[in-house]
S.K.: 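Encoded as structure tokens, here's the structure I'll be asking about.
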Amino acid sequence: MAASSPDLTASVSAPLPAALLRYLAALLLFGVGAVHLYEYFADHYRVIPVIGNLFLANFAGSVALGLALAAPLGSLRLVRSLPLVGRAPHAFVALGGIGFLLGTIIGLIISEQATLFGFHEYGYRATVWLALGLESAAVVVLAGFLALEGRRARTP
Amino acid sequence: MAPDIARIVPSPRRWCAVAAAVLLASGCALATNSQSPGRQQITSAAPAGLGRVLVDDHGRTLYLFAADPPNLSTCFGACASLWPPVTTQGRPTAAGGARPGMMITIGRSDGPPQIVYAGHPLYYYQGDTGPGDAKGQGITQFGAPWFAITTQGQIQATGSAHGGF
């Protein structure tokens, strides 16, 4: 008598390389958030209209995205029940993370070259380069993760 | 005939566009940009509790940085982002008690020339959101205090952003 096989699709863990990229991206996102939080407090960006709030929001967004990438979303019944997203939740988080990071990079470049909400960033100092480096690295890592996930989805 | 509600109430997309435009305009109005200053005019005003001090032609309070040597700015990078230099394109003018003979300009590597008054390079404070604000008075950031400056070129010793001093 053949026993019915349980549906293991939801609980199959991602291959190791994809998982490593996911965790690396989470760490990079935490770094991005930390840099923005540092600027918010240590360099007094909290007093700048609009920009100060955006820095705080960037910290919150980075941490949220990092946590979402690190969490075992595929094993959560609520997440699995979501249409479309539930089939590859980390992929959707990665897509959102790429959009978030590209927006951050573009905002920084605009504030350096011109003004953003009336604010101009003076110079590419160490923290600015650190932020750009972490953001760019996170985009690359997330793109790599998406590529691996896409290949895994197409593999029969 | 009942009114068409869809025509009266703006769509969510229109609300988002309006909100974005308001946010952009308010940010541009509140924050300080000294990259395209035009020909600057220095005048004076009396922000609440501060006495008569130098302001620009929009009424924004101007500050000196106690760490600056005479006629030299030491505020760059993050410091300049928080305390944008008061810059000018062309010779600045004076009004309202400000003395043109006390004004010179110094070059900056990060933008237009900065105005110096009685040997003190002048700055804005990003925390000031409009005329009459003087939230930078007496506070210490980037290693030294900041003060508003009188028309005589002296530190304004009265008033403080924190109620003391």
Side-chain angles (χ1 to χ4, degrees), chain A residues 31-62 96 99-135, chain B residues 19-37 58 60-61 63 65 73-87 108-112 114 121 123-130 133-146 161-162:
Chain A
V32 170
V35 171
H36 284 84
L37 192 67
Y38 173 83
E39 291 284 86
Y40 183 81
F41 284 112
D43 279 343
H44 313 285
Y45 274 47
R46 61 188 181 279
V47 307
I48 306 173
V50 181
I51 297 295
N53 290 337
L54 287 178
F55 268 60
L56 199 60
N58 188 287
F59 163 73
S62 298
F100 172 84
L101 290 162
L102 288 177
T104 302
I105 291 170
I106 290 169
L108 175 54
I109 292 173
I110 290 174
S111 67
E112 286 279 359
Q113 302 303 317
T115 61
L116 183 66
F117 298 111
F119 170 76
H120 175 72
E121 187 76 70
Y122 280 80
Y124 286 91
R125 57 190 185 277
T127 48
V128 173
W129 283 120
L130 178 62
L132 277 173
L134 289 171
E135 290 152 10
Chain B
V22 168
L23 194 64
L24 184 65
S26 63
C28 291
L30 294 176
T32 298
N33 165 32
S34 57
Q35 289 298 294
S36 304
H58 296 291
R60 288 182 177 268
T61 303
Y63 300 89
F65 185 29
S73 173
T74 60
C75 182
F76 292 88
C79 177
S81 298
L82 259 295
W83 298 86
V86 179
T87 56
R108 290 186 66 93
S109 58
D110 54 7
Q114 181 175 10
Y123 304 87
Y124 298 103
Y125 178 49
Q126 285 286 10
D128 289 344
T129 54
D133 280 357
K135 298 172 186 172
Q137 171 66 1
I139 68 175
T140 296
Q141 285 185 359
F142 301 101
W146 301 77
H162 304 293

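Below, chain A is the first sequence line, B the second, and so on; all start at residue 1. Computed over heavy atoms, backbone and side chain alike; hydrogens, waters and symmetry mates excluded. Computed from a predicted structure; not experimentally measured.
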S.K.: Shortest non-hydrogen contact from B/L82 to A/D43?
M.R.: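 Looks like CD2-O, 3.0 Å.
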S.K.: For A/E112, which residues count as a side-chain hydrogen bond (donor to acceptor under 3.5 Å, both in side chains) partner, sequence neighbours excluded?
M.R.: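 Once residues adjacent in sequence are excluded, A/E112 has no partner under the side-chain hydrogen bond (donor to acceptor under 3.5 Å, both in side chains) criterion.
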S.K.: Using the rule side chain to side chain contact (heavy atoms under 4.5 Å, CB included), only one of B/P85, B/S109, B/C79 pairs with A/Y122; which is it?
M.R.: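 By the side chain to side chain contact (heavy atoms under 4.5 Å, CB included) criterion, A/Y122 pairs with just one of B/P85, B/S109, B/C79: B/P85.
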S.K.: Rounded to the nearest 0.5 Å, how far apart are CG of B/D110 and OH of A/Y124?
M.R.: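 It comes to 13.0 Å.
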S.K.: In terms of heavy-atom pairs under 4.5 Å with chain B, which of A/E121, A/H44, A/R46 leads?
M.R.: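 Most heavy-atom pairs within the cutoff with chain B belong to A/H44.
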S.K.: Closest heavy-atom contact between B/S81 and A/I48?
M.R.: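 Taking B/S81 first and A/I48 second, the nearest heavy atoms are O-CD1, 4.5 Å.
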S.K.: Going by the rule ring-ring contact (aromatic ring centres under 6.0 Å, His included), which residues pair with B/F65 if we only count those two or more places apart in sequence or in a different chain?
M.R.: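 So B/F65 forms a ring-ring contact (aromatic ring centres under 6.0 Å, His included) with B/W146.
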S.K.: Looking only at heavy atoms, which two atoms of B/G77 and A/R125 are closest? And how far apart?
M.R.: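 Closest pair (atom of B/G77, atom of A/R125, distance): C-NH1, 3.9 Å.
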